Amino acid sequence: MPELPEVETVRRGLAPHMTGRIIRDLTLNRPDLRFPFPQHFKDRLTGARIQQVSRRAKYLLIHVEDAGGDEAIWLSHLGMTGRFEIRPGGDGPAPALDAHFYAQAQSEAVAKHVHVQMELDDGTHIHYADPRRFGYMDLFPADTPYPAFVRMGPEPDAHLTFEDFYPRLTQRGLPIKSALLNQEVIAGLGNIYVCEALFRAGISPRRKANRLGPVRVARLIPAIQDVIAEAIAAGGSTLRDFRHSDGALGYFQHRFAVYDRAGAPCLQSDCTGIVQRIVQSGRSTFFCPHCQR
DNA sequence: AAAGTTGCCTGCAAGC
DNA sequence: TGCTTGCAGGCAACTT
């Protein structure tokens with residue numbers, strides 16, 4: 001469940017249940033996800049107190065203080081299909097935000113792929129399921145920089161500045177679409193939101209990054225900020241794995257202007273173009289050749 | 001059938 | 001010539 005808005009949605013779902021709690025028990029149902037769990041993963045986390053649930057790009061960060069008083073960060077990347085499911089302890093209905101976790105937990109196919117189970121000190125159970133097992137978890141000391149974050153670019157939020165973004169973006173001669181997927185250029189964007197941001201900015205995905213002038217970059221920045229902010233506000237997007245047969249949850253109703261709309265008319269007013277699908281760096285790109293230049 | 005991710009691998013081309 | 005760098009493409013994981 002991948003791009004930044006989806007991870008942020010998960011973070012907001014988990015934080016109220018996890019913050020301040022102690023991990024009473026942790027069970028690993030297999031030795032690895034995409035990578036092996038780090039050594040002593042279970043032992044270090046059992047008995048630890050969760051201080052905070054944060055996020056960097058597409059990484060979920062669970063800040064813990066272990067029984068010995070050492071502070072560490074439990075990192076979780078959801079890959080393509082990773083998801084957390086919450087079953088609160090005690091009684092009373094679950095908060096609305098958790099509805100989709102329930103929906104997922106009831107699926108037999110998902111239950112088969114629960115790889116991590118934990119119980120908190122208030123009786124809450126949290127499961128991590130990941131059918132394709134492309135996610136991974138790690139545990140590192142809070143005071144050392146995590147390797148993946150050292151060279152990572154800025155978050156696509158309100159703090160993104162032209163001064164920071166422009167030089168990172170225009171360094172190389174690869175297509176802008178590919179440049180924006182590079183997490184060292186900007187963090188947290190994936191295939192869907194790159195397509196959507198380029199559409200909003202009216203920039204062709206084929207344009208070479210080093211051929212973008214300041215005018216286009218200045219247009220691209222708010223396009224990125226807006227598309228991400230709107231997707232977070234909508235609680236993430238409609239992703240394949242989250243389409244339910246009943247469609248009852250109005251939770252993932254964010255609509256895309258170009259993504260997955262090949263052959264459909266461009267939604268830009270006064271544009272007569274048809275959305276095209278091309279492949280760049282092995283990934284699908286959707287765009288309107290008429291209004292994206 | 002193609003799908004949101006990303007690290008690792010190979011191979012190719014360019015530049016110094 | 002040989003070294004480095006950049007980039008494309010393939011693969012891996014598996015279910016829907």
Side-chain angles (χ1 to χ4, degrees), chain A residues 1-10 29-37 55-60 75-84 100 103-104 106-115 128-138 146-153 156 168-197 205-206 208-210 227-228 231-232 234-247 252 254 256 258-263 277-286:
Chain A
M1 170 174 188
E3 300 188 40
L4 185 155
E6 289 72 38
V7 180
E8 176 61 19
T9 299
V10 172
N29 294 333
R30 50 176 303 127
D32 58 358
L33 295 171
R34 183 175 172 193
F35 306 119
F37 288 102
R55 177 189 58 73
R56 171 77 168 108
K58 303 171 194 171
Y59 296 80
L60 198 62
L75 173 150
S76 172
H77 193 292
L78 303 177
M80 294 277 267
T81 54
R83 60 178 64 113
F84 283 91
H100 81 282
Q104 294 301 321
Q106 285 158 8
S107 150
E108 182 113 353
V110 170
K112 211 171 58 182
H113 297 285
V114 170
H115 307 308
Y128 176 80
D130 190 352
R132 288 177 70 176
R133 235 186 306 123
F134 220 2
Y136 59 95
M137 292 187 183
D138 206 349
Y146 191 70
F149 297 156
V150 172
R151 304 185 59 185
M152 189 173 274
R168 289 174 185 272
L169 184 67
T170 56
Q171 254 169 34
R172 279 160 286 194
L174 76 175
I176 179 74
K177 160 76 187 315
S178 305
L180 291 172
L181 287 175
N182 182 340
Q183 304 294 299
E184 293 180 22
V185 171
I186 188 164
L189 295 190
N191 206 35
I192 294 175
Y193 296 112
V194 165
C195 293
E196 294 297 312
R206 289 195 268 227
K208 301 279 186 272
N210 59 7
V227 81
I228 294 296
I232 290 173
S237 295
T238 302
L239 295 176
R240 237 159 264 270
D241 283 0
F242 282 79
R243 250 176 242 160
H244 299 147
S245 46
D246 61 358
F252 296 99
H254 196 259
F256 304 127
V258 286
Y259 187 83
D260 210 16
R261 290 193 65 244
R277 174 188 181 270
I278 59 172
V279 174
Q280 294 178 291
S281 306
R283 325 262 322 256
S284 288
T285 298
F286 299 88

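Every value quoted in this text rests on a predicted model; they were computed, and no experiment measured them. Letters go in sequence order (proteins before strands), and every chain restarts at 1.
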For the side chain of [X], counting heavy atoms from C-beta on, which of [options] is nearest?
X       : options                 : result
H113(A) : dG7(B), dA3(B), dT15(C) : dT15(C)
R277(A) : dC14(C), dA2(B), dT5(B) : dA2(B)
L174(A) : dC7(C), dC14(C), dG7(B) : dC7(C)
S284(A) : dA12(C), dG6(C), dA2(B) : dA2(B)

Measuring to OP1 and OP2 of [N], would you say a side-chain N or O of [X] lies under 4.0 angstrom away?
X       : N      : value
R172(A) : dG6(C) : no
Y136(A) : dT6(B) : no
R283(A) : dT5(B) : yes
K58(A)  : dT6(B) : yes

Next on the checklist: Taking any heavy-atom pair under 4.0 Å as a contact, classify R133(A): base, sugar-phosphate, or nothing.
Outcome noted: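 Sugar-phosphate only.
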Checklist entry - How would you label the contact of G135(A) with the nucleic acid (heavy atoms, under 4.0 Å): base, sugar-phosphate, or nothing? => result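 Since no nucleic acid heavy atom lies under 4.0 Å of G135(A), the category is nothing.
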Item to check | For dG4(B), the Watson-Crick or wobble partner whose two distances fall under 3.5 Å | outcome: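 Base-paired to nothing in any strand shown.
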d([atom1], [X]; [atom2], [N]) in whole Å:
X       : N      : atom1 : atom2 : answer
Q280(A) : dG4(B) : CD    : P     : 13 Å
L189(A) : dG4(B) : CG    : P     : 14 Å
D260(A) : dA2(B) : CG    : C1'   : 10 Å

Checklist entry - Quick one: which of M80(A), H113(A), H115(A) gives a side-chain contact (heavy atoms from CB on, under 4.5 Å) with R133(A)? => result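 In the set M80(A), H113(A), H115(A), the residue that makes a side-chain contact (heavy atoms from CB on, under 4.5 Å) with R133(A) is H115(A).
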Checklist entry - Sub-3.5 Å donor-acceptor pair from the side chain of R55(A) to the main-chain atoms of A57(A), do we have one? => result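 Checked: pair present.
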Next on the checklist: Taking R151(A)'s backbone N and O only, do any of them form a donor-acceptor pair with E184(A)'s side chain (distance below 3.5 Å, no angle check)?
Outcome noted: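 No; judged by distance alone, with no hydrogens or angles, the pair does not exist.
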Next on the checklist: If you take the centroid of each ring, where Trp contributes its six-membered ring, are F286(A) and F256(A) closer together than 6.0 Å?
Outcome noted: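 Ring-ring flag for F256(A)/F286(A): false, centres at least 6.0 Å apart.
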